[in-house]
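Following: one structure in C-alpha cells, then a few remarks.
All values below were derived from every heavy atom in this structure, side-chain atoms included, with hydrogens, water molecules and symmetry-related copies excluded. Note on naming: letters A, B, ... go to the chains in the order of the sequence lines (proteins, then strands), and numbering restarts at 1 for each one.
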Protein chains: 2
Amino acid sequence: MKLNNTTISDIAERANVSKSTVSRVLNDKSIVNQRTRTTVLEAMESLGYEPNIFARSLASGRSMTVGVVTQKIGSPFYDTIMQGVIQGFSGTGYSPLFVDGQWEEGTELQVIQTVLGRKVDGLLLLGGDVSLSDLDQLRKRLPTIVIGKELPGWEGQCVYVDNRAAAYEATKHLIDFGHRDIALVRGIKHHQDAIRRYEGYADALADSGIELDPDLVIEGNFSAQSGILAVSSLLMRGKVFTAIFCANDMVAYGARLALQRSGIRVPEDVSIIGFDDQAESAFVTPPLTTVRQPGHEIGVAAAAGLLSLMRDEPCELPVMKAELQRRESVARI
Amino acid sequence: MKLNNTTISDIAERANVSKSTVSRVLNDKSIVNQRTRTTVLEAMESLGYEPNIFARSLASGRSMTVGVVTQKIGSPFYDTIMQGVIQGFSGTGYSPLFVDGQWEEGTELQVIQTVLGRKVDGLLLLGGDVSLSDLDQLRKRLPTIVIGKELPGWEGQCVYVDNRAAAYEATKHLIDFGHRDIALVRGIKHHQDAIRRYEGYADALADSGIELDPDLVIEGNFSAQSGILAVSSLLMRGKVFTAIFCANDMVAYGARLALQRSGIRVPEDVSIIGFDDQAESAFVTPPLTTVRQPGHEIGVAAAAGLLSLMRDEPCELPVMKAELQRRESVARI
DNA sequence: ATGAAAGCGCTAACAG
DNA sequence: CTGTTAGCGCTTTCAT
C-alpha cells in the first residue's frame, strides 16, 4: 500500500533507456532486447510503478474499458449474468463499467451516451428497449453485444436463452404428469421473453392436442403481486386448473401464497412451475420446480464475444439453453 | 447518436475564443462573460461536443470516478446498497466504478490496488476483511468510506446497521410471545455482524432473565444449507426449542425446510425469524418475520458522505437502524 | 532494437 | 474577463 507518483520517465531514467523503450516493455507487443527488458522490469518493480491509465488512454485512444448498460429488472437472473460478465473480463486488461439504466437520470439512450462519453472500447447491453435502428447505429460506432434479446441481423452478436424451448419443456412436463388445464401467468405484455414463453406454452399444448383456453392465460408483470392477482382472478372466475406455469419464481411465490390462502394445496391440488431458479426456490415449501437459465455462462460468453469483436475477430455467440429443475411443486394428477 | 471527434479547439475556433475560455465555461466555476458563454455553449451544441474524460483527468489529476469495492456475499442486502450508491452518485458528476472482490483475481488488497490504478478520487469499501491498519493507510491517501463495518477511529466515516439492537429486538419479540427456548443460528464465526447479532440475542435473553443455553447456539455460514444443518443438529441432540432466530433469510428458509421435513410445523410448533427481508420473504409460507436493513439508505448515505469528503468537508455518517418486519412465522406460545 | 520528437485534449497558472 | 503558455504521462511515427 504505497503512494504512487512514479512515471514512465522515472523508470526510463533509472533503467538508462528512453521513455519509448519503457513504453515498449509496458505494451509487450514490440520486440525489446531481453536484457533491457529485464532492467526496465526491475526498475518498475523497485519504484512500484503503476501506469497512469488516463495518459495511456489519451495517447492511445483506447480506454481498456467496456460499458455494461443494465436495466436490472430485479431478476436475480441478471445478477448472475453480471457476475459472469465480471469474471469474463477479469484478467483481460479490460474493466467493465456498469451503468444501471434504471437509476441513472434520463432515457436509456442518454445513459448510453454517457457511457460513450467515457470512451469505452465496447458496449454490452443487457435487455433494454433501445430500438433496432439505434442499435444498428451503435454497432457501427463501436463493438457492441446485446444480452437477453434476439435481434434480427445480430446473429452471433446477441446472446439469449431459448425461452420458447424452455417454456415448451416446462409445459410438456406438466402435461406428462397428467395436467391438461394449465394456467399461464405471462410476463409483461410486449416483453420478448414473455412472448417466447407464451409460444412455448402454446406449442406444447398444441402438440399434445390440448386446446389452449385463453381465459387460462393471465397477463402479469413478473412480480409476486401479479402471481397473487392472477390466482385471485382465476379463482374468482371459477376457472378449473390443476397447474400454473409462472413467468418467473417471484410470480410463482405469489401464486402459491394466494392458492394456499384459499385452502388450495400445492402441489396436491395445483402444481406450480416457475422460471429463473432463484436460490430460494430450492428451499421453499414445497421446493419449486423451475427453469434454470445459465446466467453466468451467458455473462462469460458475452464478455468473450465482445473481446473478440474488439480484436476485430468474428464473434459467434450461441443461443443458450435453459434447463428444467424438477422439484416438488409439481405432482402427478 | 452521432460520432464525436470535436475537441475544445474546434469549438474555440468556432466561437472565436481561446481554448481556455471554452474550458472555463466547461468547468463553470470561473466567471465568463454571459455573451461569450452563450456563444461557446451554442458552438458546443451545434458541434455535438462531448469532453474527453481522459484528457480532462490527465490534466486535472481528478478522475471524477469513485471505486466501489464489494464482496457480494450473496446477500440481497448488498444489492440494495449498491443501488443506493448508484443513486447517490447519479447527477453528481462522479461515476462509481464497481469492482467485485469475489470475482477479480488476487486478494482484496490487490483489487483495491487495481482500483487505485484507475486513479479514482474516492473509495467506497463494502464489507471485506482489509485490516484496520491498511484501511488507515488508505484513508491517508484518498477519501475513503467503509460500509457495513464498525471501525474504531472511523466514526462518521463508516456506515453500518446497529445489528445488536436489531437482534435484541427480534429476540425480544420472541420472548414477548412466550418463547424461552430460543435457538440461534449464527453467521460466520468472526463476522462482525454475526457477533453483534449474537450479542443482541444474548442481551435480550439476559434482560428477560432467561439463561442462555450454549447448545442452542449453532454456528452457520449464512447459507440455506447451514439452516438445514443447524436444525438437524438441534433435533439430533434432542434439544428443546420453540423458536429459531436465523443469521439471515436464506438460513431461515433452510431451517424451515428441515423443520417441516421432520414434521415440525412453522409457526405452530416452532417460530422462525430471519434477517435481511429479502423480497421473497413476504411471499413464502408462512411469510417470514425478519429484520429489514435499510440498504438503500445506507448506499445513498455512503455516497453522500464520500462526496463530502472529496470536497474536503467533514462527513458524519450515522449508525443505521434495522426494523423488525413482523409476519406469520412467529406465533405466540 | 532503441531514441527523439510530436502530440492526444484538456487544465491551470500567469499575464494582461 | 480572456488569451498565452506549459505541461499532465503515455503512445507512436520516424529515424537511426
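- Taking only side-chain nitrogens and oxygens, S23(B) comes nearer than 4.0 Å to OP1 or OP2 of dT11(C).
- For residues 296-312 of chain A, every residue pair satisfying the salt bridge (Lys or Arg N to Asp or Glu O under 4.0 Å) rule, not counting sequence neighbours, is listed here: R292(A)-E297(A), R311(A)-E313(A).
- Atom P of nucleotide dA12(C) and atom CG of L26(B) are separated by 11 Å, given to the nearest angstrom.
- Rounded to an integer number of Å, the gap from K119(A) NZ to dG9(C) C1' is 10 Å.
- If you measure from atom CG of N52(A) to atom P of dC8(C), you get 18 Å, rounded to the nearest angstrom.
- In this structure, the CZ atom of R24(B) is 10 Å from the C1' atom of dT11(C), given to the nearest Å.
- Annotation for L307(A) and Y94(A): closest pair CD1-CD1, 3.7 Å, computed over non-hydrogen atoms.
- A donor-acceptor contact under 3.5 Å links the side chain of S20(A) to the base of dA4(C).
- Between R35(A) and dT2(C), a side-chain N or O to OP1/OP2 separation shorter than 4.0 Å is absent.
- Side-chain contact annotation: S23(A) with S20(A), donor-acceptor N/O pair under 3.5 Å absent.
- For the pair I8(A) CD1 and dT2(C) C1', the computed distance is 14 Å after rounding to whole Å.
- Here the straight-line distance linking atom CG of L306(A) with atom CD1 of I145(A) works out to 5.0 Å at 0.5 Å rounding.
- Within residues 54-61 of chain A, the residues approaching DNA chain C are L58(A), A59(A), by heavy-atom distance under 4.0 Å.
- Between K19(B) atom NZ and dA13(C) atom P the separation is 16 Å, expressed in whole Å.
- Per the geometry, CG belonging to N16(A) stands 16 Å off C1' belonging to dA1(C), to the nearest Å.
- Helix bend of the helix from dA1(C)-dT16(D) to dG16(C)-dC1(D): the angle between its two end axes, each built from five pairs, comes to 30° after rounding to 10°.
- Across every non-hydrogen atom of K149(B) and V130(B), the tightest pair is NZ-O, 3.7 Å.
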**Criterion ring-ring contact (aromatic ring centres under 6.0 Å, His included) on F98(A) and F98(B), from CA distance to verdict** = CA-CA 7 Å; F98(A) 289 97; F98(B) 290 96; 7.3 Å; no
List the atom pairs, with distances to 0.1 Å, where a side-chain N or O of residues 57-69 of chain A and a protein N or O form a donor-acceptor pair under 3.5 Å, not counting sequence neighbours.
residue	atom	partner	partner atom	Å
S57(A)	OG	I53(A)	O	2.8
S57(A)	OG	R62(A)	O	3.1
S60(A)	OG	R56(A)	O	2.9
S60(A)	OG	R62(A)	N	3.1
S60(A)	OG	R62(A)	O	3.4
S63(A)	OG	T65(A)	N	3.2
S63(A)	OG	K119(A)	O	2.7
S63(A)	OG	D121(A)	OD1	3.4
T65(A)	OG1	S63(A)	O	3.1
T65(A)	OG1	R118(B)	NH1	2.9

**Message:** As a quick check of understanding, evaluate salt bridge (charged side-chain N to carboxylate O under 4.0 Å, His left out) for R37(B) and D28(B), giving each step before the final call.
**Reply:** CA-CA 10 Å; R37(B) 147 171 270 108; D28(B) 251 353; 2.9 Å; yes
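- One side chain, E108(A) or Q71(A), offers a donor N or O that lies under 3.5 Å from an acceptor on the other.
- Close approach of DNA chain D to chain B, defined as any atom under 4.0 Å from a non-hydrogen atom of the protein, starts and stops at dC1(D) to dG9(D).
- Evaluation of the side-chain contact (heavy atoms from CB on, under 4.5 Å) rule for S131(A) yields S133(A), D134(A) as partners, not counting sequence neighbours.
- Judged purely by distance below 3.5 Å, without hydrogens or angles, the side chains of R14(B) and S46(B) pair a donor atom with an acceptor atom.
- Heavy atoms of V22(B) sit nowhere under 4.0 angstrom from any nucleic acid atom.
- Classified by interplanar angle (parallel below 30°, tilted 30° to 60°, perpendicular above 60°), the ring pair F222(A)/H191(A) is perpendicular.
- Rounding to whole angstrom units, CG of residue N27(B) and C1' of dG9(C) are separated by 13 Å.
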